[in-house]
*Asks:* 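Take a look at the following structure, please.
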Amino acid sequence: MKVKYELVKKDSQTLARRGIIHTNYGNYATPMFMPVGTLANVKTLVKEELLACHSAIILSNTYHLWLRPGENVINKAGGLHKFMNYDGPILTDSGGFQVFSLALKKDILEEGVIFKSHLNGERLFLTPELSIQIQNKLDSDIAMSFDECPPYPVTREYMEKSVERTLRWAKRGKDVHCNERQSLFGIVQGGEFADLRKKSAIETVKLDFDGYSIGGTSVGEDKKTMYKMIDDCISYLPEDKPRYLMGVGDPLDILEGVTRGVDMFDCVMPTRLARHGNAFTHCGKINLKNLQFKEDFTPLEDGCDCYTCKNYTKSYIRHLVTCDETLGGRLLSIHNIRFLIKLTEDIREAISKDNLLEFKESFIKNYTK
RNA sequence: GCCUCAAUAGCUCAGUCGGUUAGAGCACUUGACUGUUAAUCAAGGGGUCGUAGGUCCGAGUCCUACUUGGGGCG
């Protein structure tokens, strides 16, 4: 079945909304945070650990799985869920972000994008149709349209052409999409140009997708600009479909996104920061490599209900991180993912209690002091 | 006892024919990270060049002695 968005409660002071997203693998509350598992795994974690973090939907990536092991291998395995042993909802990104991240190894044409494989330099050609066909075979629950995520900044002229092309790509992808149980989301682009954001949103909605995402943010612009990018398009997205802010997962950005009406977030930040020795706390993020934690025998955060905080100290985790032990990144990944998911749980509760603004201000005050 | 090789950053080592402010890797101390090319990247601190003399305009570099360590011969 296609995902369905059920609106439960709108916040009275902001554009935030609490809802339920119905999927093939159950119903989940929104706003939600989705951990990223690019190569069919959330780095260093097993399913049970993700579930213990109350993780719902996770992400995987079309471009990377296309290269290795190939969509046919995963199709033969019985689809991505069976292949990676995850019986929760999976969203696959289209490869659109790789149009941005593989900047020096690509060539954008109307037909599609020529990539030079980051693995061996091999010339690859990914089109909107191919991206959707690969995602059909991967059998994820939510597929993303193949878009261009332009760098920042680009000229208005470039962005205008890019937005038009992304719209044509969205239609082409939708036309070949043929997996009945898989939903397809459209992506709004337009950079920092308000009228292009508006146009991109309106035209994308006309194509009638199962959900809509806001792309092209957090690519180097300042936070004020990023929040404006959301403001400039979100009011043109329908109320009865999920809204997904792609690639955003800084705790402060999640709060800003939620109060602007966003339902879904994803980000590599909790797992990457973890592997780099950092932990989220309500008083900001901390770097476990710092000397001050050498003999700190307290948990990462007092009162945190994650496995890591219930069992280990900062001193021990610092030791692991310092010695480059994999377990350090694992324990920090568990904590960081739980931290962001707990943040969304608290946000949902605040919406229910109608004190989201108060919660937001208090969180920011603590986090940035 | 004799011969020989070595001694440069916390560690392992570069250092040209004697010539500008003696470098690297690791370690250490920090910072960055937003739809993962990232368990990565960047910055910083750290030196009586074993010690004492000598030659020279100039010595980590050449000479002498000593100290410590390795190897060899007695």
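Chain A is the first sequence line, chain B the second, and so forth, proteins listed ahead of strands; every chain is numbered from 1. Predicted model, so just to flag it, every value in this text is computed and none were measured.
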*Asks:* Examine the base of B:U36 for any acceptor or donor lying under 3.5 Å from a partner atom in the side chain of A:T271, and report the outcome as yes or no.
*Replies:* yes

*Asks:* Is any N or O donor-acceptor pair between the side chain of A:D253 and the base of B:U34 shorter than 3.5 Å?
*Replies:* yes

*Asks:* Establish whether the base of B:G35 is bridged to the side chain of A:N61 by a donor-acceptor pair shorter than 3.5 Å.
*Replies:* no

*Asks:* Could you check which nucleotide pairs with B:C56 in any of the strands shown, counting Watson-Crick or G-U wobble with both distances under 3.5 Å?
*Replies:* none

*Asks:* Of the nucleotides B:U34, B:A39, B:G35, which has the atom closest to the A:V248 side chain?
*Replies:* B:U34

*Asks:* Would you tell me if any nitrogen or oxygen in the side chain of A:R275 comes within less than 4.0 Å of OP1 or OP2 on B:U40?
*Replies:* no

*Asks:* Phosphate oxygens OP1/OP2 of B:U37: is one of them under 4.0 Å from a side-chain N or O of A:S101?
*Replies:* yes

*Asks:* The side chain of A:H276 is closest to which nucleotide in this list: B:C33, B:U34, B:G35?
*Replies:* B:C33

*Asks:* From the set B:U29, B:U36, B:C33, return the single nucleotide nearest to any side-chain atom of A:L291.
*Replies:* B:U29

*Asks:* With a 4.0 Å limit, can you tell me whether A:T38 has a side-chain N or O closer than that to the phosphate oxygens OP1/OP2 of B:U36?
*Replies:* yes

*Asks:* Return no unless some side-chain N or O of A:K285 is found under 4.0 Å from OP1 or OP2 of B:A32.
*Replies:* yes

*Asks:* Should the pair A:E164-A:K199 be classified as a salt bridge under the 4.0 Å nitrogen-to-oxygen rule?
*Replies:* yes

*Asks:* When you check the phosphate oxygens OP1 and OP2 of B:C33, does a side-chain N or O of A:N287 lie under 4.0 Å from one of them?
*Replies:* no

*Asks:* Of the listed nucleotides (B:C28, B:U40, B:U36), which one gets closest to any side-chain atom of A:T322?
*Replies:* B:C28

*Asks:* Does A:Q98 put a side-chain nitrogen or oxygen below 4.0 Å from OP1 or OP2 of B:G35?
*Replies:* no

*Asks:* In the strands shown, is B:G1 matched to any nucleotide by a Watson-Crick or G-U wobble pair with both distances under 3.5 Å, and which?
*Replies:* B:C73

*Asks:* Ignoring hydrogens and angles, does a donor from either the side chain of A:K106 or the base of B:U37 sit under 3.5 Å from an acceptor on the other?
*Replies:* no

*Asks:* Please indicate yes or no: is the ring centre of A:H64 less than 5.5 Å from the centre of the six-membered base ring of B:U36, with the two planes inclined by under 30 degrees?
*Replies:* no

